[in-house]
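Worksheet: the structure to be examined is printed underneath.
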Amino acid sequence: KKFKKEDAGYDFSFLTDEMLRNPEKAVSAFKEEKIKTVYRHLKIKKDKVTFIDHHTAHAYYASFASTFQKKDHVVLTLDGWGDGKNQTVWQVKNKKIKLIAESSENNIGRLFRFVTLFLGMMPGEHEYKVMGMAPYAKKEYMLKCYEKFKNISKIKNMMIVNKNRPGDLWTFMKEIWTYERFDNISGAVQHFAEEFSCNLVKDIYKTTKIPRLVLSGGVLMNVKVNKKISEIKNIKEIFVPPSPGDESLCLGGLYYLNENNNNNKTLTNVYLGYDIDDKSVKNYPWKKLKKKYKIITNIK
């Protein structure tokens with residue numbers, strides 16, 4: 001019942017036109033509103049609320065969820081945006097995690113978001129459909145689209161950074177792709193994601209010489225990108241945690257705070273639903289099924 005109150009949501013009345021013209025001030029005000037909402041909603045005192053950096057939470061979730069906790073490994077996070085960055089690289093040695101590179105110029109997530117919108121779908125939700133349409137493009141036409149924008153980025157010091165990126169990426173995309181087919185556009189942005197992610201990982205290995213890699217962030221929900229990374233010669237093992245997008249940031253925040261308290265107990269299973277026991281299975285109305293059935297319990 002305590003979660004079904006009318007005042008459970010945020011009060012956005014503080015977002016005036018004047019406030020929106022000052023992003024830093026708006027972000028600060030929104031943090032204050034979050035603290036007020038947590039107190040109003042759960043009666044947690046304001047001085048007990050802690051804000052964790054977006055990519056730190058991504059990295060800690062991935063590292064502590066991985067099977068490499070007792071081995072040296074590298075964590076790579078890639079996404080559209082989070083607390084001023086869209087890429088970080090972390091080196092984990094002797095169970096100590098350290099940030100070794102970060103960038104705010106990684107264009108993979110932004111391109112996917114814009115292409116999703118450009119193709120008439122919902123950005124931040126339907127990027128997987130762009131990935132799904134990519135294989136339908138013929139390589140010749142896909143590469144034609146890719147050539148038009150591949151020089152907006154480059155790899156430098158374990159980071160994806162801007163090269164010849166136009167100031168207005170959205171207008172640039174409309175100019176180069178207005179008369180291109182949807183599958184060729186999808187294929188081009190998928191190819192961009194695969195090429196730059198793989199070249200980035202190769203550069204990270206060149207510096208760290210660590211063959212184990214953990215991946216996190218919204219961009220790395222792209223299973224085709226992950227497959228390509230897994231095929232890189234020097235990468236012996238990769239781990240992609242369940243649901244590495246923003247929905248798992250809450251777990252990353254817990255891992256981060258628990259590590260500082262020397263009290264990390266990680267999840268061994270992400271199924272957090274209700275238990276189904278043998279009795280509930282046997283009592284299920286199986287008679288409604290037309291086909292014959294056999295109940296098997298106690299599977300080992």
Side-chain angles (χ1 to χ4, degrees), residues 52-112 146 149-165 190-241 244-245 248-249 252 255-256 259-260:
I52 311 298
D53 172 74
H54 187 93
H55 282 264
T56 299
H58 269 318
Y60 270 75
Y61 168 62
S63 180
F64 283 100
S66 79
T67 54
F68 305 151
Q69 289 179 48
K70 295 181 180 180
K71 302 176 183 178
D72 293 350
H73 58 276
V74 170
V75 182
L76 170 63
T77 72
L78 292 173
D79 63 13
W81 195 252
D83 287 336
K85 298 182 287 290
N86 50 27
Q87 181 212 322
T88 60
V89 182
W90 306 71
Q91 183 172 281
V92 184
K93 278 194 170 185
N94 301 320
K95 299 183 180 181
K96 297 294 182 182
I97 185 168
K98 179 183 177 183
L99 178 66
I100 58 174
E102 60 181 297
S103 174
S104 61
E105 299 179 5
N106 156 38
N107 286 306
I108 298 175
R110 292 172 182 170
L111 275 171
F112 252 94
Y146 173 69
F149 73 100
K150 69 176 184 179
N151 289 322
I152 67 171
S153 296
K154 64 180 180 179
I155 308 296
K156 181 181 179 181
N157 299 329
M158 299 187 291
M159 298 179 292
I160 298 175
V161 296
N162 292 330
K163 185 181 178 183
N164 296 317
R165 184 190 187 279
Q190 178 66 31
H191 187 67
F192 182 93
E194 293 172 13
E195 284 286 298
F196 276 88
S197 295
C198 287
N199 288 336
L200 174 63
V201 168
K202 290 174 184 176
D203 194 54
I204 292 170
Y205 176 79
K206 185 178 177 181
T207 301
T208 65
K209 295 295 188 291
I210 297 176
R212 283 172 293 277
L213 182 67
V214 179
L215 306 173
S216 191
V219 168
L220 294 163
M221 293 182 77
N222 188 309
V223 294
K224 185 73 183 302
V225 166
N226 296 341
K227 177 179 180 292
K228 286 288 185 180
I229 291 174
S230 72
E231 294 168 353
I232 296 174
K233 181 181 177 181
N234 292 317
I235 302 302
K236 304 303 180 185
E237 297 178 276
I238 73 165
F239 183 91
V240 185
S248 56
L249 286 172
Y255 289 149
Y256 173 79
E259 188 201 34
N260 291 338

Would you say the side-chain atoms of Asn222 and Glu194 include a donor-acceptor pair closer than 3.5 Å? no
How long is the gap from CG on Asp72 to CD1 on Ile210, to the nearest 0.5 Å? 5.5 Å
What distance separates Leu78 CG from His55 NE2, expressed to the nearest 0.5 Å? 8.5 Å
Measuring from atom OG1 of Thr67 to atom CD of Gln69, what distance do you get when rounded to the nearest 0.5 angstrom? 8.5 Å
Working to the nearest 0.5 angstrom, can you tell me the gap between Glu231 CD and Asn226 CG? 11.0 Å
Looking only at atom types and distance, does a side-chain atom of Ser103 sit under 3.5 Å from a main-chain N or O of Val161, one as donor and one as acceptor? no
Exercise: identify the closest heavy-atom pair between Ala193 and Ser197: O-OG, 2.7 Å
Compare every heavy atom of Trp81 with every heavy atom of Ser104, then report the nearest pair and how far apart it is. O-CZ3, 3.7 Å
For residues 149-159, tabulate all N or O donor-acceptor pairs below 3.5 Å that involve a side-chain atom, not counting sequence neighbours.
unit_1: Lys150; atom_1: NZ; unit_2: Glu147; atom_2: OE1; d: 3.1
unit_1: Lys150; atom_1: NZ; unit_2: Glu147; atom_2: OE2; d: 3.3
unit_1: Ser153; atom_1: OG; unit_2: Asn107; atom_2: ND2; d: 2.9

Using modelled atom types only, decide if a donor and an acceptor are shared between the side chain of Ser63 and the backbone of Tyr60 within a distance under 3.5 Å. no
Please report the closest heavy-atom contact between Ile238 and Ser230, naming both atoms and the distance. CD1-CB, 3.7 Å
Using every non-hydrogen atom in the two residues, find where Val75 and His73 come nearest and quote the distance to one decimal. CG2-CD2, 3.9 Å
Taking C-beta and beyond as the side chain, do Glu195 and Tyr146 meet within less than 4.5 Å on heavy atoms? yes
What's the spacing between Leu76 CG and Ser216 OG if we round to 0.5 Å? 9.0 Å
For residues 202-212, pull every pair meeting side-chain hydrogen bond (donor to acceptor under 3.5 Å, both in side chains), keeping only residues two or more places apart or in separate chains. none
Between Ile108 and Gln87, is there a side-chain heavy-atom distance shorter than 4.5 Å? no
On a heavy-atom basis, which atom in Leu213 and which in Phe68 lie closest, and how many Å separate them? O-CE1, 3.8 Å
So Thr56 and Trp90, do their side chains get closer than 4.5 Å, heavy atoms only? yes
Just so I know, are the side chains of Glu105 and Arg165 near enough to count as touching, which here means a heavy-atom distance under 4.5 Å? no
May I ask you to test the Ile229-Leu220 pair for a side-chain heavy-atom distance under 4.5 Å? yes
Could you walk me through whether Gln190 and Val225 pass the side chain to side chain contact (heavy atoms under 4.5 Å, CB included) test, one step at a time? CA-CA 8 Å; Gln190 178 66 31; Val225 166; 3.9 Å; yes
Taking all heavy atoms of Ala65 and all of Phe239, pick out the closest pair and write down the distance. O-CZ, 3.2 Å
Using atom types as modelled and distance alone, determine if a side-chain donor or acceptor of Thr77 lies under 3.5 Å from a backbone N or O of Thr88. yes
With distance as the sole test, does Asp83 use its side chain to make a donor-acceptor pair with the main-chain N or O of Asp53 at under 3.5 Å? no
Measuring from atom CG of Leu249 to atom OH of Tyr256, what distance do you get when rounded to the nearest 0.5 angstrom? 14.5 Å
